[in-house]
Amino acid sequence: MENIRTKIEKILIKSGFSKDELNLEDVNVNKVAGFVVSEKFADMPDMERQDYIWSIFDEKLAVEDRLKIVAIITLSPDEVEAYAD
Amino acid sequence: MPNNDKYRGKGFKRKNAEGHFLAAESHIEEAKILYDKERYGYAIYTAGLAAECMFGAFILRDDPQHSFDEKHDLQKLMEKSKLLELTNIDRKRVLNNAYNFVYNYWSNRYRFASDDEIERTINKRKFKGVKGDLFKYVARRVYENAMEIIKRGVGKRKAMGWRI
């Protein structure tokens, strides 16, 4: 059976994100958490970013798989830089 | 020079689950007081600290000897706490949004910063569709979203029958 992280990575890549923009990891028992860092989010308010990736999950994943997503943080590359300052 | 930790503060370092839980509740109340007093930077720091304490409470509940190698990495603490693992998808979405906002605008390093410095840091960020005082807006949202995490902790504690 496909691991949930691999499944989500494939879905996000098919939806237009590059592999470099994804930093997801397996957590606890078959759960996933991590970061999506993309220029796509640069002009998007926080709620819209979350709605954006969750609308992809809503469309492509069954509820039991969506419940395996612990939390995915959405950032723009500038924000990662600001955080590292 | 005496080591101050020997005489004070030592007992407050990473105590037990109950201590973390009560600290979380206390810090979120303090964040509101700071917000009302227009000390927005400290309100942001204290609200995020409340969320960190709540994650710590559930980590210690599962593992009382936990060494906290995660330090103040909110993402690692959140994962370890399992607090955002829910069975209701709608509630999960609300909490994901809440946690995302707190993560994006909180930094443990704010404890070394003045309110003005935190304001300058926040104002460097890009905001869309926010009119008026951005710093105030972020402080309010960090407080409200940290409160969602605290409520989740309170609800989970009750559901577990964990008495404090």
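Letters A, B, ... are given to chains in the order of the sequence lines, protein chains preceding strands, and every chain is numbered from 1.
- For Glu25(A), the part lying under 4.5 angstrom from a heavy atom of chain B is the side chain only.
- Transitive grouping of hydrophobic side chains (ILVMFWY, heavy atoms separated by less than 4.5 Å) brings Val154(B) and Ile59(B) into a common cluster.
- Among Arg141(B), Lys82(B), Arg93(B), the residue making the largest number of heavy-atom pairs under 4.5 Å with chain A is Arg93(B).
- Taking hydrophobic clusters as Ile, Leu, Val, Met, Phe, Trp and Tyr residues chained together by side-chain heavy-atom distances below 4.5 Å, Leu24(A) does not share a cluster with Val37(A).
- Looking at every heavy atom in both residues, Asn97(B) comes nearest to Asp51(A) through ND2-OD1, 4.5 Å.
- Rounded to the nearest 0.5 angstrom, Gln50(A) CD and Asn104(B) CG are separated by 8.0 Å.
- The CG atom of Leu67(A) sits 8.0 Å away from atom CG of Asn88(B), with the distance rounded to the nearest 0.5 Å.
- In this structure, chain A has heavy atoms under 4.5 Å from both the backbone and the side chain of Glu79(B).
- Heavy atoms closer than 4.5 Å to chain A are found in the backbone of Leu86(B), but not in its side chain.
- We find the CZ-CG distance between Arg49(A) and Asn100(B) to be 7.5 Å, quoted to the nearest 0.5 Å.
- If you chain together hydrophobic residues whose side chains sit under 4.5 Å apart, Met147(B) and Tyr42(B) never meet in one group.
- Chosen from Leu75(A), Thr74(A), Ile73(A), Asp43(A), the residue pairing most often with chain B at heavy-atom distances under 4.5 Å is Ile73(A).
- Lys92(B) NZ: more than 12 foreign heavy atoms inside a 6.0 Å radius.
- For Glu79(A) and Lys124(B), the salt-bridge test fails: no basic side-chain N is under 4.0 Å from an acidic carboxylate O.
- Applying the 6.0 Å contact sphere to NZ of Lys40(A) captures more than 12 heavy atoms from other residues, nucleotides or ligands.
- Although no hydrogens or angles enter the test, the distance criterion places no donor-acceptor pair under 3.5 Å between the side chain of Lys31(A) and the main chain of Glu85(B).
- In terms of heavy-atom proximity, Gly34(A) sits nearest to Gln75(B) at N-NE2, 3.3 Å.
- By the 4.5 Å heavy-atom criterion applied to side chains, Trp54(A) and Ile89(B) are counted as neighbours.
- Hydrophobic clustering of Ile, Leu, Val, Met, Phe, Trp and Tyr side chains at less than 4.5 Å, counting indirect connections, keeps Ile33(B) apart from Tyr143(B).
- Under the 4.5 Å side-chain heavy-atom criterion for grouping Ile, Leu, Val, Met, Phe, Trp and Tyr, Phe55(B) is not connected to Ile72(A) through any hydrophobic cluster.
- When all heavy atoms of Leu84(B) and Ala71(A) are compared, the pair lying nearest together is CD1-CB, 4.3 Å.
- No side-chain heavy atom of Lys76(B) sits less than 4.5 Å from a side-chain heavy atom of Val27(A).
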